[in-house]
Engineer: 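Have a look at the structure that comes next, please.
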Number of protein chains: 2
Amino acid sequence: MKIGELVQRSGLSAYTIRYYERIGLLPHADRDRSSRRDYDASILVWIAFLGRLKTTGMPIREMLRYAALREQGAGTETERRQLLETHRERVRVHVAELNACLLILDSKIGGYADAEKRIKDYDTALPRGRREPVGARKARTR
Amino acid sequence: MKIGELVQRSGLSAYTIRYYERIGLLPHADRDRSSRRDYDASILVWIAFLGRLKTTGMPIREMLRYAALREQGAGTETERRQLLETHRERVRVHVAELNACLLILDSKIGGYADAEKRIKDYDTALPRGRREPVGARKARTR
DNA sequence: CTACAGGTTCGAGCGCACTCTAAGTCAATA
DNA sequence: TATTGACTTAGAGTGCGCTCGAACCTGTAG
């Protein structure tokens with residue numbers, strides 16, 4: 001697989017793929033005789049995993065640590081597990097924070113909705129003939 | 001309240017507070033006669049809310065939009081609500097992603113744990129007298 | 001009076017994670 | 001054979017969100 005195909009299948013840009021290789025997040029790819037990168041499909045599994053780590057907010061520094069342990073191979077499993085466990089804990093904490101923030105957002109949004117409802121009630125309670133207060137933003141599409 | 005106290009009570013650095021004011025995320029603070037910032041306690045509520053937005057990943061650009069609408073005051077409620085609703089939806093999606101990633105992390109960690117258990121079983125199945133394979137990392141605290 | 005803590009402004013610098021430019025190579029097709 | 005387009009490299013540039021340095025000012029305590 002050439003880099004172009006990997007771009008299609010991984011969702012990363014060629015720039016990013018080369019950058020990741022440069023910093024050691026992706027293993028140095030084999031080259032064909034004109035020194036173009038030639039990938040094995042298995043790289044997609046690793047890229048997908050890196051994507052999870054990224055999505056969950058792991059900094060590249062730490063992914064590099066994990067990648068290095070992985071390259072080292074046997075004997076690094078415990079450290080890799082610990083690294084992931086630590087990360088998992090951080091993610092759990094963060095998810096809890098996000099859920100707390102969502103509740104606050106809900107109540108904030110609820111407050112605006114109530115305010116709008118009060119305005120609307122007042123509006124419909126106006127005498128016939130001039131229902132919309134000045135500055136009312138009603139898009140009325142169509 | 002002077003900036004020093006606000007630092008204590010908000011958790012932001014003085015640098016950050018000034019920066020936020022500079023870009024318009026915090027309203028221009030009143031100054032005392034020696035042109036030092038003098039805050040009203042109500043600023044803490046706004047800073048806390050900005051903190052929620054930040055925690056949930058809202059970029060400063062968008063907080064600025066919200067802050068500008070808020071400064072404008074009446075008549076911007078609908079847009080503020082819409083902004084927060086859009087954001088809430090993104091956060092929900094992100095939380096779902098994080099939860100999916102957590103499951104994957106769990107199984108990855110589980111895989112390492114199983115591998116370690118297999119090694120341990122093999123280890124304890126070794127003949128008496130030389131139980132620990134070379135390189136075993138057992139901290140044995142205390 | 002002097003020292004010092006704690007403030008002020010402006011603009012520069014930093015760390016992160018890319019993203020792109022420039023100049024060159026190579027293989028396949030018209 | 002000439003051109004096209006996908007690739008290569010090294011290194012520069014970008015956008016974000018701060019973070020800091022330098023020079024200066026002010027109110028209070030010793």
Side-chain angles (χ1 to χ4, degrees), chain A residues 1-40 43 46-68 87 90-91 94 97 101, chain B residues 1-40 43 46-68 87 90-91 94 97 101:
Chain A
M1 195 195 323
K2 288 299 182 343
I3 201 171
E5 196 186 339
L6 187 57
V7 165
Q8 302 302 315
R9 298 178 49 177
S10 69
L12 298 180
S13 74
Y15 296 139
T16 303
I17 293 168
R18 293 195 201 98
Y19 166 68
Y20 279 2
E21 179 179 315
R22 204 155 65 207
I23 64 174
L25 210 47
L26 293 180
H28 185 81
D30 294 343
R31 312 301 164 111
D32 64 11
R33 64 188 104 59
S34 54
S35 68
R36 293 179 180 190
R37 291 169 181 80
D38 203 350
Y39 294 95
D40 184 284
I43 196 74
W46 175 235
I47 289 176
F49 186 63
L50 287 178
R52 312 293 176 196
L53 295 182
K54 185 184 166 189
T55 294
T56 51
M58 183 184 283
I60 282 186
R61 275 189 314 290
E62 211 161 317
M63 296 190 212
L64 281 175
R65 176 88 188 113
Y66 187 84
H87 180 60
R90 283 196 310 249
V91 176
H94 188 222
E97 271 174 17
C101 289
Chain B
M1 197 194 323
K2 288 300 183 344
I3 202 172
E5 196 185 338
L6 187 56
V7 164
Q8 303 302 313
R9 299 179 47 177
S10 69
L12 298 180
S13 74
Y15 295 138
T16 303
I17 293 169
R18 292 193 202 101
Y19 166 68
Y20 279 2
E21 179 179 316
R22 204 155 66 206
I23 64 174
L25 210 46
L26 293 181
H28 185 82
D30 295 342
R31 311 301 163 113
D32 65 10
R33 63 189 101 61
S34 55
S35 70
R36 294 181 181 188
R37 291 169 180 79
D38 203 350
Y39 294 96
D40 184 285
I43 196 74
W46 175 234
I47 289 177
F49 187 63
L50 287 178
R52 312 291 177 197
L53 296 182
K54 185 185 165 187
T55 294
T56 51
M58 183 184 284
I60 282 186
R61 274 189 315 290
E62 210 161 317
M63 295 189 212
L64 281 175
R65 176 89 190 110
Y66 186 85
H87 180 59
R90 284 195 310 249
V91 176
H94 189 222
E97 270 174 17
C101 288

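The structure presented is a predicted model; accordingly, all values stated were derived computationally and were not measured. Here is the naming used below: chain letters follow the sequence lines, and residue numbers restart at 1 for every chain.
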Engineer: Any side-chain N or O of B:Y20 less than 4.0 Å from the OP1 or OP2 oxygen of D:dC18?
Structural biologist: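 So the side-chain polar atoms of B:Y20 do come within 4.0 Å of the phosphate oxygens OP1 or OP2 of D:dC18, strictly under.
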Engineer: Which nucleotide in the list C:dA17, D:dG17, C:dA12 gets nearest to the side chain of A:P59?
Structural biologist: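 Of the options given, the side chain of A:P59 lies nearest C:dA17.
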Engineer: Go through C:dT8, C:dC16, D:dT8 for me and flag the one nearest to the B:R18 side chain.
Structural biologist: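 Ranking C:dT8, C:dC16, D:dT8 by closest atom to the B:R18 side chain puts C:dT8 first.
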Engineer: Please determine if a side-chain N or O atom of B:T16 lies less than 4.0 Å away from the OP1 or OP2 oxygen of D:dT19.
Structural biologist: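 So the side chain of B:T16 is within the cut-off, an N or O lying under 4.0 Å from OP1 or OP2 of D:dT19.
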Engineer: Looking at C:dG7, I'd like to know if its phosphate oxygens (OP1 or OP2) sit under 4.0 Å from a side-chain N or O belonging to B:R37.
Structural biologist: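 Checking B:R37 against C:dG7: no side-chain N or O falls below 4.0 Å of OP1 or OP2.
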Engineer: Just to confirm, is there a sub-4.0 Å distance from OP1 or OP2 of D:dA6 to any side-chain nitrogen or oxygen of A:R36?
Structural biologist: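 For D:dA6, neither OP1 nor OP2 has a side-chain N or O of A:R36 closer than 4.0 Å.
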Engineer: Which of the following nucleotides, D:dC20, D:dC7, C:dT19, is nearest to the side chain of B:Y15?
Structural biologist: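 Among the listed nucleotides, the one closest to the side chain of B:Y15 is D:dC20.
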Engineer: For A:R22 and C:dC18, give me the distance from atom CZ to atom P, rounded to whole Å.
Structural biologist: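 Rounding to the nearest Å, CZ of A:R22 and P of C:dC18 are 12 Å apart.
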Engineer: Looking at every heavy atom in both B:R90 and B:E62, which two are closest together, and how far apart are they?
Structural biologist: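 It is NH2-OE2, 2.8 Å.
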Engineer: Write down the atom of B:T55, the atom of A:H94, and the distance for their closest heavy-atom approach.
Structural biologist: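 Residues B:T55 and A:H94, closest heavy atoms: O-NE2, 3.5 Å.
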Engineer: Please state how far atom CZ in B:R61 lies from atom C1' in D:dC18, giving the value in whole angstrom units.
Structural biologist: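 Going from CZ in B:R61 over to C1' in D:dC18 covers 15 Å.
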Engineer: From CD of A:E62 over to P of C:dA17, roughly how many Å is that when rounded to an integer?
Structural biologist: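 From A:E62 CD to C:dA17 P: 11 Å.
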Engineer: What is the distance, to the nearest angstrom, from the CZ atom on B:R31 to the P atom on C:dG7?
Structural biologist: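 Atom CZ in B:R31 sits about 13 Å away from atom P in C:dG7.
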Engineer: Nearest whole angstrom, please: distance from the P of C:dC26 to the CG of A:D38.
Structural biologist: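 Rounded to the whole Å, the gap is 16 Å.
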Engineer: Looking at every heavy atom in both B:M1 and B:D38, which two are closest together, and how far apart are they?
Structural biologist: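 Answer, listing the atom of B:M1 first, then B:D38: N-OD1, 2.9 Å.
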Engineer: I need the OH-C1' distance between B:Y19 and D:dC16, as an integer number of Å.
Structural biologist: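 Roughly 7 Å, once rounded to whole Å.
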Engineer: Does C:dA17 have OP1 or OP2 sitting under 4.0 Å from an N or O in the side chain of A:K54?
Structural biologist: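 Answer is no, no contact under 4.0 Å.
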Engineer: Fit a plane to each ring of B:F49 and B:Y66, take the angle between them on a 0 to 90° scale, and name the class: parallel (under 30°), tilted (30 to 60°) or perpendicular (over 60°).
Structural biologist: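 Judged by the thresholds at 30° and 60°, the geometry between B:F49 and B:Y66 is tilted.
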Engineer: Check whether any side-chain nitrogen or oxygen of B:S34 sits under 4.0 Å from OP1 or OP2 of D:dG27, and answer yes or no.
Structural biologist: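 Yes, B:S34 has a side-chain N/O under 4.0 Å of OP1/OP2 on D:dG27.
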Engineer: Between C1' on C:dA17 and CG on A:L12, what's the gap in Å once rounded to a whole number?
Structural biologist: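 Roughly 12 Å, once rounded to whole Å.
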Engineer: Does A:L25 or A:R33 map to a spot on DNA chain C nearer the 5' end, using the closest nucleotide for each?
Structural biologist: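 Result of the comparison: A:L25.
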Engineer: Take atom CD of B:E5 and atom P of C:dG7, then tell me their distance rounded to the nearest Å.
Structural biologist: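 Nearest whole value for this atom pair: 10 Å.
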Engineer: Report yes if some heavy atom in the side chain of A:K2 is under 4.5 Å from a heavy atom in the side chain of A:R37; otherwise report no.
Structural biologist: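 No, their side chains stay 4.5 Å or more apart.
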